[in-house]
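These numbers come from a predicted model, not from an experiment. Each chain gets a letter, A, B and so on, in the order its sequence line appears, and its residues count up from 1.
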2 protein chains.
Amino acid sequence: MARTKGSVGATTQKAILDAAKTLIVKHGFEAMTLRQLAAEVGVQPASVYRYIDSKDALLAALMSTHMDALICAWEALEDKGETPDEQLEAFVAFHIRYHVERREDVFIANMELRSLGEAARADVVAKRRAYELNLWRILEEGVKTGDFPETDLEVATYAILAMLTGVCFWYRPDGRLSIEQIIAVHQGLVMRGVVSGALQTA
Amino acid sequence: MARTKGSVGATTQKAILDAAKTLIVKHGFEAMTLRQLAAEVGVQPASVYRYIDSKDALLAALMSTHMDALICAWEALEDKGETPDEQLEAFVAFHIRYHVERREDVFIANMELRSLGEAARADVVAKRRAYELNLWRILEEGVKTGDFPETDLEVATYAILAMLTGVCFWYRPDGRLSIEQIIAVHQGLVMRGVVSGALQTA
DNA sequence: CTATTAATCAAACGTACGTTCGTTTAATTA
DNA sequence: TAATTAAACGAACGTACGTTTGATTAATAG
């Protein structure tokens, strides 16, 4: 056999990327085999090489594409708010909404930095840093204007991001709360804090 | 060759578990090979089977042991605080301090649930739930006494845990801040919130 | 309706996998 | 010192790995 009836390159390409994400989440990148991937797509192992240069390049493409899309999605967001308060609320909503719909990409981006080559890793790390800066700058401005209390900006940035991204690890589409409700709870936690009245500094 | 001079079972056992943790973090459990593990310990692959029943059993033992130790460490903590405020501060400090010193175990516990068999997975999930309940109950009491504002207890529990555990992913022993400083910042974020004065509900 | 290009195949390369087996040497006990 | 136990060994099992090669068929263009 050779070329199959109805085969289309773009379709196979997308099927390969989708199957790869699922297999990487389930087994880890190193443990995923191209034979599994080919079987999932319904194709012979050799055929996968029409669409990827190597297993390593596949991972690099997946992660880099994810980071690019994330950064672009934030830039494309229309209402990013005016005041620091509004901006922070907008960021919380955007981050949860975007990540919860792409849990496979988020899982891979968080787990498989270890499997990237040096150049690809540097690329992804730089893009992650660029995205983090969006939140960092919001906090910085809020502290500057006095809207937010003094705190360590780096730690606060990481802490808020970890909290928001964490939703991906327990969210289920058929769960008790809708995404909008989950966003509201997190906005409350970030904006008011868990203990709004306790231990005021000023 | 056979038994080597100076070989002691307990020593080899510990070396195997330590090397396994490092290799799992670096490659993922499925991708870690027993041949790598044996080489790291300085022993033949067959020798590893004096200390483990199978590769799967090794992972189950690592994860279950970690969860047991975590639960026991919290139970053994002397000063858990009296008021909800004190209890929450104590939990934040304990959680960060304990996890930051065991980053390999934390990474494995968060990543490799997927590689556990059904029984072992249920065991670890139950223990994780038991640990989470410690924080959940503190928040519940604080809301009941009016010390904490109303919020969804489940989401708040997960959100705080994600934020605290997240420290493991960027903490470096030679970093800018000490563990005690990092704890203080997180206590501030959890207790006062990022924006203490904004959007007060009551 | 032929020529070309796109999409896939089958087969093979050397290498490595988890695990079992029976053997061999070191340390401990009697 | 002799018997026993603890701790390791080397070799092998069938299976699967990432990747390359050249052939083969389907769709498209002239």
Side-chain angles (χ1 to χ4, degrees), chain A residues 1-63 108 112 114-118 120, chain B residues 1-24 26-63 108 112 114-117 120:
Chain A
M1 244 186 295
R3 180 167 189 172
T4 55
K5 281 180 289 183
S7 60
V8 180
T11 303
T12 305
Q13 166 119 290
K14 187 177 182 332
I16 287 174
L17 295 180
D18 285 349
K21 288 180 189 178
T22 301
L23 287 172
I24 292 170
V25 168
K26 181 136 60 181
H27 302 284
F29 170 75
E30 254 189 84
M32 174 197 77
T33 76
L34 294 179
R35 287 173 158 86
Q36 283 178 313
L37 177 56
E40 205 78 26
V41 175
V43 109
Q44 292 298 316
S47 303
V48 173
Y49 280 84
R50 289 234 151 247
Y51 302 96
I52 67 173
D53 289 338
S54 67
K55 201 189 169 192
D56 286 345
L58 169 61
L59 179 64
L62 284 178
M63 292 184 65
I108 293 169
E112 297 294 356
R114 65 187 176 196
S115 300
L116 288 177
E118 204 166 336
Chain B
M1 243 186 294
R3 178 166 189 172
T4 54
K5 282 180 288 181
S7 60
V8 180
T11 303
T12 306
Q13 166 118 290
K14 186 174 182 337
I16 287 174
L17 296 180
D18 285 350
K21 289 181 189 179
T22 301
L23 287 172
I24 292 171
K26 182 139 58 184
H27 303 285
F29 170 74
E30 255 189 82
M32 172 198 77
T33 76
L34 293 179
R35 287 174 157 85
Q36 284 178 312
L37 177 55
E40 205 77 27
V41 175
V43 109
Q44 292 298 315
S47 303
V48 173
Y49 281 84
R50 288 230 152 248
Y51 303 95
I52 67 172
D53 288 340
S54 68
K55 199 188 170 192
D56 286 345
L58 168 61
L59 179 63
L62 283 178
M63 292 183 65
I108 294 170
E112 296 296 357
R114 65 187 175 195
S115 300
L116 287 176

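As a whole-Å value, the separation of B:Q13 CD from D:dA6 P is 14 Å. For the pair A:L37 CG and D:dC17 P, the computed distance is 12 Å after rounding to whole Å. Note: CG (B:L34) to P (C:dT20) measures 11 Å, nearest angstrom. The separation between A:Q44 atom CD and D:dG22 atom P is 19 Å, rounded to whole Å. Note: CD (B:Q36) to C1' (C:dC17) measures 11 Å, nearest angstrom. One interatomic measurement links the two molecules: CG of A:D56 to P of D:dC17, which rounds to 16 Å at whole-angstrom precision.
A close approach under 4.0 Å does not occur between any side-chain nitrogen or oxygen of B:R50 and OP1 or OP2 of D:dA7. An OP1 or OP2 oxygen of D:dA7 is reached within less than 4.0 angstrom by no side-chain nitrogen or oxygen of B:Y49. Residue A:R35 places at least one side-chain N or O under 4.0 Å from the OP1 or OP2 atom of D:dC17. Within the 4.0 Å cut-off from OP1 or OP2 of D:dA7, not a single side-chain nitrogen or oxygen of B:S47 is found. Checking the phosphate oxygens (OP1, OP2) of C:dA7, no side-chain nitrogen or oxygen of A:T4 falls inside 4.0 Å. Between B:K55 and C:dG18 there is a side-chain N or O to OP1 or OP2 distance below 4.0 Å.
Take the nearest nucleotide of DNA chain C for A:A10 and for B:M32: the residue whose nucleotide is more 5' is A:A10.
Nearest nucleotide to the side chain of B:A46, out of C:dA10, D:dC9, D:dT19: D:dC9. Listed nucleotides: D:dA11, D:dT19, C:dA7. Nearest to the side chain of A:Y51: C:dA7. Considering only side-chain atoms of A:S54, the nucleotide from C:dA27, D:dT19, C:dC21 that sits closest is D:dT19.
A donor and an acceptor atom, one from each side chain of A:Q44 and A:S47, are nowhere located under 3.5 Å apart.
Not one N or O on the side chain of A:E40 forms a donor-acceptor pair closer than 3.5 Å with the backbone of A:A19. Of the possible donor and acceptor atoms, one in the side chain of B:K55 sits under 3.5 Å from a partner among the backbone N and O of B:E30. Remark: the backbone N or O of A:I108 is not paired with any side-chain donor or acceptor of A:K21 at under 3.5 angstrom.
Here the closest heavy-atom approach between residue A:S54 and residue A:Y49 is recorded as CA-CE2, 4.3 Å.
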